[in-house]
**Q** 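First the structure, which I've put down as structure tokens, then a few questions once you've had a look.
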Amino acid sequence: MNIQALRNETAGCHDKIFLNSAGSSLMPDVVVKKMINYLHDEQMQGGYYLADQYETEKETLNTEVAKLINCREENIAFAESATQAYSKALSSIPFNEGDVIVTSENDYVSNQLSFLSLAKRFGVKVKRCRHLSNGDIDLEDIQKLINEKPILVAITHIPTNSGLVQQVAEIGKMCKNMDVLYLVDACQSLGQMCVDVQELQCDFLTATGRKFLRGPRGTGFLFVSDKVLRMGLHPLFFDQYGANWSADNEFDILPSAKRFENWEKNYATLLGLKEAIGYINAIGIVNIQERNMELQQYFRSCLAEVKNILVRDEGSKLCNIITITKTDNSIAEIKTVMDLHNVHYSISGNNGAVIDFKKKKIEAVVRFSPHYFNTKEELERVTDLLCSL
């Protein structure tokens with residue numbers, strides 16, 4: 001990887017230290033150029049006409065996604081966000097009172113809210129597996145829960161509030177053996193590490209374009225397994241794109257995952273997402289994973305030497321989300337110095353990690369998320385700033 005060349009293709013990384021790819025990353029120049037050109041053409045020709053002209057190129061988005069996650073193009077449906085994709089997946093499952101959803105304490109907040117809403121409306125039971133003292137999921141405990149044949153197991157690969165990487169592949173094997181539906185939230189893992197749906201053996205997988213994939217906001221997608229398609233599952237609400245109105249009181253669902261996709265789309269951002277994922281595929285996700293592992297390990301080693309700073313991530317496997325507080329659990333001074341020196345970061349509060357932060361006895365963390373285009377020199381600079389507190 002030619003890091004300088006990649007930085008030259010990323011206009012946003014030259015005037016700041018950008019460490020917020022877990023929030024919304026910097027788009028490569030080619031992504032922005034594609035969207036601007038499309039919008040200009042749409043201004044001149046109108047949306048319907050232009051969409052028809054780009055029909056072939058739009059289909060290459062499926063090709064790029066399928067290559068990235070190792071599936072067929074027919075298994076992909078696009079959405080305006082990962083949460084919309086997640087909701088579509090959940091709505092396809094015929095929940096009844098007493099059905100059980102198995103999840104983790106570290107699942108993403110929007111997912112947890114969806115589970116609780118299902119519990120209130122349909123009487124679904126939500127069971128969270130235990131975690132080990134190091135933060136990992138207790139695989140023996142979740143195996144027991146899966147043996148009870150829940151209607152769904154839903155696990156977030158990487159929580160938004162910490163660098164923990166959860167054991168989604170091991171859990172996938174358990175679900176496969178027990179023929180239990182399995183939903184993986186891969187929003188924070190796709191783009192920073194290898195994610196293979198065949199290895200995970202998941203039935204659904206959701207992703208957003210704006211994070212480590214380096215695509216535009218307002219984009220996401222849903223992977224739907226062949227098993228789900230054969231079962232005939234479909235979202236509760238769909239439109240003319242996902243089904244055909246075949247008779248007065250009948251409809252026929254599309255055979256592919258497109259049944260989960262809406263007709264109305266922002267074609268400019270979808271083409272931007274196509275460029276972003278194509279950019280990753282050209283570099284090679286294996287190369288990106290190796291580079292990211294090197295960066296996060298180096299940054300963590302630097303932070304470990306900083307007096308009065310605590311790294312709050314737990315787990316036997318960690319990633320490019322690094323969360324910190326001061327030793328007194330405060331973050332105000334960290335925020336002040338980062339803002340003063342134009343370092344971009346995020347704050348994760350306890351409203352997004354109620355159980356995890358309660359255990360850690362903290363209210364919030366500063367979250368850094370370097371990506372492959374960052375340099376060790378940038379990480380050293382941030383470390384020096386923290387040393388000055």
Side-chain angles (χ1 to χ4, degrees), residues 22-24 65 68-69 71 75-95 99-122 124 126-128 150-161 166 168 171-172 175 180-191 195 197 200-213 215-225 227-229 231 233-239 241-242 257-262 265-266 269-270 273 351-354:
S24 186
V65 174
L68 181 64
I69 66 173
C71 70
N75 297 115
I76 302 298
F78 295 101
E80 285 73 37
S81 71
T83 298
Q84 186 202 56
Y86 204 92
S87 298
K88 287 263 191 175
L90 286 179
S91 79
S92 73
I93 301 171
F95 292 105
D99 286 339
V100 173
I101 297 174
V102 171
T103 188
S104 76
E105 295 178 351
N106 287 303
D107 252 53
Y108 182 53
V109 54
S110 295
N111 306 345
Q112 300 274 13
L113 292 172
S114 294
F115 305 150
L116 296 176
S117 179
L118 286 169
K120 288 191 174 185
R121 178 164 295 188
F122 296 110
V124 171
V126 181
K127 294 186 178 181
R128 300 186 182 98
I151 193 169
L152 176 70
V153 173
I155 301 294
T156 294
H157 197 177
I158 297 172
T160 191
N161 55 282
Q166 305 210 95
V168 289
I171 295 168
C175 293
V180 171
L181 288 174
Y182 184 36
L183 167 57
V184 174
D185 179 337
C187 280
Q188 295 290 13
S189 53
L190 266 178
V195 176
V197 294
L200 301 188
Q201 301 185 67
C202 55
D203 296 295
F204 299 101
L205 180 139
T206 57
T208 183
R210 64 181 160 86
K211 297 180 185 290
F212 289 97
L213 287 175
R217 298 193 70 173
T219 58
F221 67 83
L222 171 68
F223 161 80
V224 183
S225 71
K227 170 187 170 182
V228 168
L229 297 178
M231 290 172 65
L233 296 183
H234 58 78
L236 179 59
F237 300 110
F238 44 81
D239 67 11
Y241 191 80
K258 294 299 181 186
R259 67 182 70 166
F260 288 86
E261 190 172 315
N262 290 330
K265 307 175 186 68
N266 186 328
T269 56
L270 278 182
L273 180 62
N351 61 330
V354 172

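For the single chain, residues carry numbers from 1 onward in sequence order. Since we're looking at a predicted model, the values are computed, not measured.
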**Q** Test side chain to side chain contact (heavy atoms under 4.5 Å, CB included) on Asn262 and Tyr241 and set out the steps.
**A** CA-CA 6 Å; Asn262 290 330; Tyr241 191 80; 5.9 Å; no

**Q** Side chains of Gln188 and His157, heavy atoms from C-beta outward: is any pair under 4.5 Å?
**A**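 A side-chain contact under 4.5 Å is absent here.
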
**Q** Is Gln166 reaching over with its side chain to a backbone N or O of Thr156, donor-acceptor style, under 3.5 angstrom?
**A**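 Such a contact is found between Gln166 side chain and Thr156 backbone.
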
**Q** Any non-hydrogen side-chain atom of Pro94 less than 4.5 Å from a side-chain atom of Leu233?
**A**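 A side-chain contact exists here, since the closest heavy-atom pair is under 4.5 Å.
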
**Q** Distance check, rounded to the nearest 0.5 Å: Leu181 atom CG versus Ser225 atom OG?
**A**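 So the CG of Leu181 and the OG of Ser225 are separated by 7.5 Å.
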
**Q** Give me the atom names and distance for the closest heavy-atom approach of Leu183 to Leu205.
**A**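 Here Leu183 and Leu205 meet closest at CD1-N, 4.5 Å.
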
**Q** Quick one: pull up CG in Asn106 and CG in Asn111 and give me the separation to the nearest 0.5 Å.
**A**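 One finds 12.0 Å between CG of Asn106 and CG of Asn111.
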
**Q** Indicate yes or no: at least one non-hydrogen side-chain atom of Leu229 is less than 4.5 angstrom from one of Asn75.
**A**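 The answer is yes, as the side chains (C-beta and beyond) meet within the 4.5 Å cut-off.
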
**Q** Quick one: are Asn266 and Glu80 in side-chain contact, heavy atoms under 4.5 Å?
**A**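 No; the side chains remain at least 4.5 Å from each other.
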
**Q** Report yes or no: does Tyr182 contribute a side-chain atom to a donor-acceptor pair with the main-chain N or O of Val168 at less than 3.5 Å?
**A**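 Checked: pair present.
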
**Q** Between Thr269 (side chain) and Pro216 (backbone), is there a donor-acceptor pair under 3.5 Å?
**A**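 No; zero donor-acceptor contacts below 3.5 Å.
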
**Q** Can Asp107 and Ser104 be counted as having a side-chain donor-acceptor contact under 3.5 angstrom?
**A**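 Per modelled atom types, Asp107 and Ser104 side chains form a pair under 3.5 Å.
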
**Q** Got a second to check how far Arg128's CZ is from Ile101's CD1, nearest 0.5 Å?
**A**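 Between Arg128 CZ and Ile101 CD1, I get 11.0 Å after rounding to 0.5 Å.
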
**Q** Which heavy atom in Ser92 sits nearest to a heavy atom in Pro235, and how many Å separate them?
**A**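 It is CB-N, 3.9 Å.
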
**Q** Rounded to the nearest 0.5 Å, how far apart are CG of Asp99 and CD1 of Ile93?
**A**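 Between Asp99 CG and Ile93 CD1, I get 9.5 Å after rounding to 0.5 Å.
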
**Q** Working to the nearest 0.5 angstrom, can you tell me the gap between Phe204 CZ and Leu90 CG?
**A**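 Going from CZ on Phe204 over to CG on Leu90, the span is 8.5 Å.
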
**Q** Between Lys127 and Val102 (side chain of the first, backbone of the second, donor and acceptor by atom type, cut-off under 3.5 Å), is there such a pair?
**A**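 Checked: no pair found.
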
**Q** So Leu200 and Phe223, do their side chains get closer than 4.5 Å, heavy atoms only?
**A**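 Answer no - side chains too far apart.
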
**Q** Indicate yes or no for a side-chain donor-acceptor contact from Arg210 to the backbone of Thr219 under 3.5 Å, with no hydrogens or angles considered.
**A**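 Checking the backbone N and O of Thr219 against the side chain of Arg210, no donor-acceptor pair under 3.5 Å is found.
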
**Q** Measuring from Thr206:OG1 to Asp185:CG, what's the distance to the nearest 0.5 Å?
**A**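 Going from OG1 on Thr206 over to CG on Asp185, the span is 4.0 Å.
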
**Q** Less than 4.5 Å apart, side chain to side chain, heavy atoms only: is that true for Phe212 and Ile158?
**A**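 Heavy-atom side-chain distance check fails, nothing below 4.5 Å.
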
